[in-house]
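Report on the following structure.
Indexing begins at 1, ligand by ligand and atom by atom, following the structure's order.
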Amino acid sequence: MQLLLNNIRQLVTVAAEGKPWKAGPAMREINMIEDGSVLIERDTIQWVGTTRDFHAQLKKEATIVDASDLIALPGFVDAHTHLLFAGSREDEFAMRAEGKTYQQIAEQGGGILKTVSATRLATKRDLKKLASHRLDEMMKHGTTTVEIKSGYGLTEDDEIKMLEAIGELSHDHVMTIAPTFLGAHAIPPEFRKRREAYVDLVCERMLPYIGKKKLAAFCDVFCDTGYFTVEEATRILKQAQSHGMKAKLHADELAASGGSHLAAELGAISADHLEHINQHGIDSLRTAGVVGVLLPGVSFFLNHGYAPARKLIDSGVPVAIASDFNPGSCMSFSMPLMMTIACTQMSMTPEEAITACTLNGAAALGLSNQVGSIEVGKQADIILYNLPQYRHLPYYFGVNHVAKVIKRGTILEF
Ligand SMILES: [Zn+2]
């Protein structure tokens, strides 16, 4: 089956020519083609160029889309989400609006552990149903690849329930899904006085099982003040690597607590958050080639400080942007909104934000050979927007401009 997208007003390819990511000034090179065409054969991109140069032989049954009023970008790759959860936390949102602190909210039963209680009570079926609906909505907003973390179970059974739900969703849903084990998201209440026993449980029971059943591609640890120490994170992530998972870290979110340095030392695929990263951490990430995944929606939603995106980019760290969609600190998965916040609050340019949400997001999942740009041989994940030019995407914010979603070569109907 052939699909030809023709006369695309602006075709933003983010072509990387074989590189896994873009860093430094290259993040601004989005390789935009005016009046472009893309030919798709089944699920793969076959040809990319200007409409004028298009010359491939079209089959009789080919579908042709005239995109003269539309622009095209690669589908977004949201490389950091906690979208599998039950319950919600709008009460905390209201408390914060009244000026209550994180501590006060936690004392009244809020925070991660509230979502843990609700998620433990939910069945795998309940969780899948909730998540499936969220995945549909994400696709409508232009996201075609997403990472999903466990981490609201925090018991052996509940973490495995979450990972199995993620595995089944990746089978049943058209979204490309990367599964991450985040058993070390918080110390569960039952282990508050014996945290070492919980780390033992993660290392000695959960990780071997998850590795054997191939339930996760990545293992993440919340390494920060009040969560897991650098020593605990090291032990967990080394164990995960020995079971075939790649390392990720929630790093330097609350303080410069050494998470990004550890990510570099362990050869992690990404270090995420980085609101408090220092120059030493930045240098370590750049040298080790670790993708820095920034989550501007969290800083916006919690009214916290932002990660130093300019310093990271200017130092040559490959920077990605993700939503961190979760019920506590960012109840939005809109990648265009994340781009707007990145541009207005973190001084990123629209072009850098586009690269960060596509190719570099794919690199944070080890998938940039398949998705994240519109190039020959890659999976045909392309979004058409009803906009006159690409800068309108972060500029004309708070509105969904998606006209068509093409996932693996198929135009989705919603
Ligand atoms: Zn997170």
Among residues at least two apart in sequence or on other chains, which ones pass side chain to side chain donor-acceptor pair (under 3.5 Å) with Gln379? Thr176, Asp381
Going by ring-ring contact (aromatic ring centres under 6.0 Å, His included), name the residues that satisfy it together with His280, two or more places apart in sequence or in a different chain. His261
Would you list the protein N, O or S atoms within less than 2.8 Å of the Zn ion (ligand 1), leaving out water? His80 NE2, His82 NE2, His250 NE2, Asp324 OD1
Phe191: partners by ring-ring contact (aromatic ring centres under 6.0 Å, His included), with sequence neighbours left out: Tyr198
Passing option when His82 is tested against Thr180, Thr115, Asp324 for side chain to side chain donor-acceptor pair (under 3.5 Å): Asp324
Would you check if there is a donor-acceptor pair between the side chains of His250 and His80 at a distance under 3.5 Å? yes
Between Asp224 and Ser257, a side-chain donor and acceptor under 3.5 Å: yes
